Amino acid sequence: MSGPAADLDSRIRAEVDRSREEVTETRRELHKHPELSLQERATAELAARRSTELGFTVRSGIGGTGVVADLDSGKPGPTLMLRADMDALPIVERGDGRVVTSAVDGVMHACGHDGHVAMALGAASALVALRDSWAGRVRLCFQPAEETASGAMPMIEEGAAEGVDRVLGIHLWAPLQTGRVAVKSGVIFGSADSFSVTIQGRGGHGGMPHTAIDPVVVTAQVILAIQAIISRETSPFSPAVITIGRVTAGTAFNVIADSAELLGTTRAIDATERERLLTRVAEIATAVASGYGAEATFWRGSGCPPVVSDPATADLVRRAAEATVGEDHVDIAVPLTVGDDVACFLERAPGCYFLVGAGHPERGPVPPHHSAYFDIDEAALPVGVETLVRASLDVLR
Ligand SMILES: [Zn+2]
Ligand SMILES: [Zn+2]
């Protein structure tokens, strides 16, 4: 590399170095003050304030606590969205050796979204400094409520995706070591839906079950029966999951409950499978319940489609990652049955969602995302910023 390309390359590195400390500080500030889905007021305020300071035109309160910040280069070109989710989880943080801990009891950034906001602001700051080398517009999208898959759609309904030509987003990924980036064309995360089923029986005396319809026994049968949707109806080559995460029924050991409720989630890599899983859960729950004289009612909750990256953008991100960490450190991501409602933005404009390794190399096996012991390696943050900046400059050339 020589001439203008080499010059830009060293300017990118200098900007990433310059922003390193601030990005880390921002991540720590957010980690210390985590906020639950749709309550991200201080986080949104920080994102809005920093974006304004960088010269972006900011709109707050988009789809709840969402923030949209635009910067126009003044030169004709595409509009690129950099999307970062902001919410934390209702988890009591545990574990030693953290550089920063949550100051809010029972709330924790256990998925790395603190880092996502910090990296987006870091990339924005570098793009402002490199303003002479790109055309078009940059839109920062700070999204609430990713964890409940209910933040993207309200933002879209209020215009957040309007005029957007390309979308880029990062998920920090602790199972992947720091210094590695994983990119994949096509599906990277599966769909994620929630549902509930109410089983209406007829309560009675625990000693005289023949005079009642026991919803607990029906619930047990429903739970087992719906697992056969995965084991007997779904191709082993199409990953899918049904999990019942909560079961509630009853008041006492000797009382047959009147009704029971199940809450669950379905995950699928394939969009058609997504719909089929939900339909079959409803059908089987209804049929099993009626077999026992009970009645099942199915409700579909919030959800999002699979996260799909467009091949051209994935290719561009792969090249950006290679320039950042070297060819040997870029992996092809394996699709995962976790969800992310960045999918809703990616349905409206082509783009790429990719994984930036954040696993401490010396700490051994990393606690999973959403674990009370989850932690990220902050050395991952500049890797994310640099990859994002390089990919953005390629989109906005
Ligand atoms: Zn999460
Ligand atoms: Zn997440």
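Counting starts at 1 for both ligands and their atoms, in listed order. Because the structure is a prediction, the values reported are computed rather than measured. FYI, side chains are in, hydrogens and waters are out, and symmetry mates aren't considered; it's all heavy atoms of this structure.
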N/O/S atom of His113 inside 2.8 Å of the Zn ion (ligand 2), strictly under: yes
Contact check: Asp340 to the Zn ion (ligand 1), N/O/S below 2.8 Å: no
Parallel, tilted or perpendicular: rings of His369 and Phe374 (30°, 60°): tilted
Arg11/Glu15 salt bridge by N-O under 4.0 Å criterion: no
Aromatic ring pairing Phe298/Phe195, orientation class (parallel under 30°, perpendicular over 60°, tilted between): parallel
Angle in degrees, rounded to 10°, that OE2 of Glu147 and NE2 of His370 form at the Zn ion (ligand 1): 100°
Contact flag Cys111/the Zn ion (ligand 1), N/O/S atoms, threshold under 2.8 Å: yes
N/O/S atom of His116 inside 2.8 Å of the Zn ion (ligand 2), strictly under: no
The single option from Arg137, Glu162, Arg166 passing side chain to side chain donor-acceptor pair (under 3.5 Å) against Thr79: Arg137
Electrostatic pair Glu93:Arg98 at N-O distance under 4.0 angstrom: yes
